[in-house]
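Take a look at the structure set out below.
So that the names make sense, note that chain A is the first sequence line, chain B the second, and so on, each numbered from 1. The analysis underlying the following values was restricted to heavy atoms, covering all of them including side chains, and did not include hydrogens, waters or symmetry mates. Treat the numbers as computed from the prediction; the structure is a model and nothing was measured.
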Amino acid sequence: MEIKILGTGCVNCRRLEKLTKLLVSEEGLDASITKVEDIVEIMNYGVMTTPALVVNEQVVLKGRVPSLKELKKLLMK
Amino acid sequence: MTEKILTLHKSRVGRMLQPVVLLILWIFIYVNLQRAADFIVFNLLGLTAGTHLTEAVSFFIFEVPKVMLLLVLIIFAVGIVRTYFTPEKTRKVLEGKSLFTGNVMASVLGIFTPFCSCSAIPLFLGFIEAGVPLGVTFSFLIAAPMINEVAVVLLLGMFGWKVTLIYIFTGLCIAIASGWIIGKLKLEKYVADWAWEVKSGQTGEAIKRKMTFAERIDSGYTAVKDIVGKIWIYIIIGIAVGAGAHGYVPEDFMAGFLGKQNWYGVPLAIIMGVPMYSNAAGIIPIVSVLIEKGVSLGTALAFMMSVIALSLPEIIILKKVLKWQLILAFVAIVATGIMTVGFIFNLVI
């Protein structure tokens with residue numbers, strides 16, 4: 001699984017990154033996590049509100065930090 | 001099977017009823033707040049009426065829960081309303097709108113569309129890319145942070161609905177006029193060149209489906225948790241400073257300095273406001289005391305707007321996509337707008 005976190009480095013983006021890393025290691029998921037900070041690349045995903053979560057090149061969440069429960073649902077699908 | 005459906009139905013009704021029950025509780029607490037505050041101040045703490053200390057303490061004990069209650073209610077409501085407005089929808093509405101109409105719509109939509117200054121750049125690029133005119137985009141970017149639910153709650157709590165309406169209305173006027181002027185000046189060449197080449201792909205769009213009403217209610221709860229969790233400390237500090245000044249700083253302390261008769265009061269207030277990056281939560285309780293101590297309403301309004309709308313961090317963020325000429329024009333135009341509002345109010349009231 002390929003996970004990307006889109007965000008220019010605001011507090012919420014870092015929170016989402018931390019949360020995702022925590023969940024992946026806790027659940028032992030086979031996933032790579034990349035942080036995308038380049039604004040042009042972020043725009044390529046058609047995202048206007050950060051942070052956004054991309055799983056296997058699909059934007060699954062944008063504009064907010066999910067709860068741990070919601071994030072689990074998004075990643076464990 | 002039927003049992004399962006029944007419990008599901010029950011829980012759904014429960015989720016719809018919960019806000020109603022909470023609202024009734026809310027009204028009960030709000031109505032009895034003054035009595036409760038008096039009870040704490042005079043009966044539990046045993047303070048005597050009329051002293052500075054009593055005044056300060058009772059101001060604090062009454063204002064903190066009052067503002068918090070208003071905050072929770074309005075943020076909850078706005079949290080639900082906002083699920084109907086996404087940046088994507090707003091962009092769609094504004095695409096290719098003519099200048100004046102576009103400015104008016106962008107400013108009004110700016111109030112309701114969820115906005116965080118950390119998303120200012122992707123939002124700006126997304127709007128420009130979709131063909132929203134530059135001036136219309138600016139109207140949105142000015143109105144969105146200036147007229148936000150936290151500012152509205154605090155104004156409502158500390159000044160009443162008249163000042164709140166004045167703030168919203170003049171704020172809208174500034175956003176509309178500033179965006180319109182920026183559009184008329186044809187400043188497109190001062191947007192960073194690469195910004196025009198950005199293509200926002202529509203690949204991998206999140207699954208689109210209508211939210212259920214229960215989900216919208218959940219968004220309301222989340223908004224309350226997020227926003228109140230972030231700003232409660234500023235409100236308490238702001239009101240504490242306000243309470244201290246309320247009891248101890250002499251009346252008319254500020255009158256000579258930032259009162260009506262000083263023409264430089266308004267520009268001075270704006271200049272002081274720019275580097276202050278306090279959110280509305282911390283600044284409005286303090287401003288309410290400034291007014292009490294003799295600062296005129298126009299000057300106070302100008303100060304508040306300057307703190308909220310012209311913040312240094314946001315300007316630094318925008319610097320990534322705007323050349324300095326456009327930043328300068330933006331700051332000068334908005335500052336002039338705020339100054340006009342300040343002068344008009346000092347003259348009229």
Side-chain angles (χ1 to χ4, degrees), chain A residues 1-20 22-23 29 31-77, chain B residues 79 82-83 85-92 94 113-130 132 137 140-141 144 192-208 215 218-219 221-223 225-227 229-230 313-314 316-318 320-321:
Chain A
M1 184 164 50
E2 202 190 347
I3 301 171
K4 284 182 183 167
I5 287 143
L6 317 182
T8 44
C10 54
V11 186
N12 283 340
C13 312
R14 283 197 295 272
R15 250 174 62 205
L16 180 61
E17 190 188 9
K18 231 169 81 187
L19 210 62
T20 311
L22 182 84
L23 196 72
L29 297 177
S32 69
I33 302 173
T34 345
K35 180 94 188 287
V36 179
E37 294 195 348
D38 180 55
I39 183 71
V40 176
E41 212 177 314
I42 292 176
M43 294 306 296
N44 280 335
Y45 286 96
V47 163
M48 279 200 292
T49 44
T50 54
L53 186 70
V54 175
V55 177
N56 294 332
E57 297 303 304
Q58 288 275 319
V59 180
V60 293
L61 183 113
K62 57 188 166 183
R64 62 199 171 86
V65 180
S67 65
L68 200 61
K69 213 170 95 194
E70 196 188 350
L71 186 63
K72 208 166 165 176
K73 234 164 69 188
L74 288 171
L75 294 181
M76 309 273 276
K77 244 192 317 206
Chain B
R82 283 212 166 144
T83 60
F85 295 81
T86 62
E88 285 77 11
K89 273 192 214 160
T90 298
R91 176 172 69 172
K92 192 125 198 77
L94 296 177
T113 311
F115 176 81
C116 143
S117 62
C118 47
S119 289
I121 298 282
L123 212 92
F124 179 86
L125 293 171
F127 274 35
I128 294 286
E129 194 263 333
V132 179
T137 305
F140 180 87
L141 283 178
D193 301 317
W194 60 269
W196 301 105
E197 267 122 59
V198 168
K199 280 278 156 290
S200 99
Q202 297 297 325
T203 50
E205 187 68 26
I207 317 113
K208 270 194 195 128
E215 280 174 320
D218 282 343
S219 300
Y221 288 132
T222 315
K225 221 174 72 192
D226 278 0
I227 300 178
K230 220 165 25 189
E314 206 187 312
I316 292 166
I317 291 176
L318 284 174
K320 277 193 202 163
V321 281

Open item on the list: To the nearest 0.5 Å, what is the distance between CE on A/Met48 and OG1 on B/Thr86?
Closed with: 7.5 Å
Task: Distance, nearest 0.5 Å, that separates NZ of A/Lys62 from CD of B/Glu88 - done: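 The distance works out to 4.0 Å.
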Task: Residues that A/Asp38 engages under salt bridge (charged side-chain N to carboxylate O under 4.0 Å, His left out), provided they are two or more places apart - done: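 Per chain and number, A/Asp38 pairs via salt bridge (charged side-chain N to carboxylate O under 4.0 Å, His left out) with no residue.
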Open item on the list: Could you work out, with salt bridge (charged side-chain N to carboxylate O under 4.0 Å, His left out) as the rule, every residue matching B/Asp218, not counting sequence neighbours?
Closed with: B/Arg15
Task: Check: A/Thr49 and B/Leu123 side chains under 4.5 Å, non-hydrogen atoms - done: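 They are in contact (side-chain heavy atoms under 4.5 Å apart), so the answer is yes.
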- [ ] Measure the shortest side-chain to side-chain distance between A/Ile39 and B/Pro122 over non-hydrogen atoms and say whether it is less than 4.5 angstrom.
- [x] yes
Open item on the list: Using only atom types and a distance under 3.5 Å, with no angle test, would you say the side chain of B/Ser119 pairs donor to acceptor with the backbone of A/Thr50?
Closed with: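 Such a contact is found between B/Ser119 side chain and A/Thr50 backbone.
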Open item on the list: At a 4.5 Å cut-off on heavy atoms, which part of B/Phe124 comes close to chain A: side chain, backbone, both, or neither?
Closed with: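 Neither part; nothing is under 4.5 Å.
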Open item on the list: How about NZ on A/Lys18, more than 12 heavy atoms from neighbouring residues, nucleotides or ligands closer than 6.0 Å, or not?
Closed with: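 For A/Lys18, atom NZ is not crowded (no more than 12 foreign heavy atoms under 6.0 Å).
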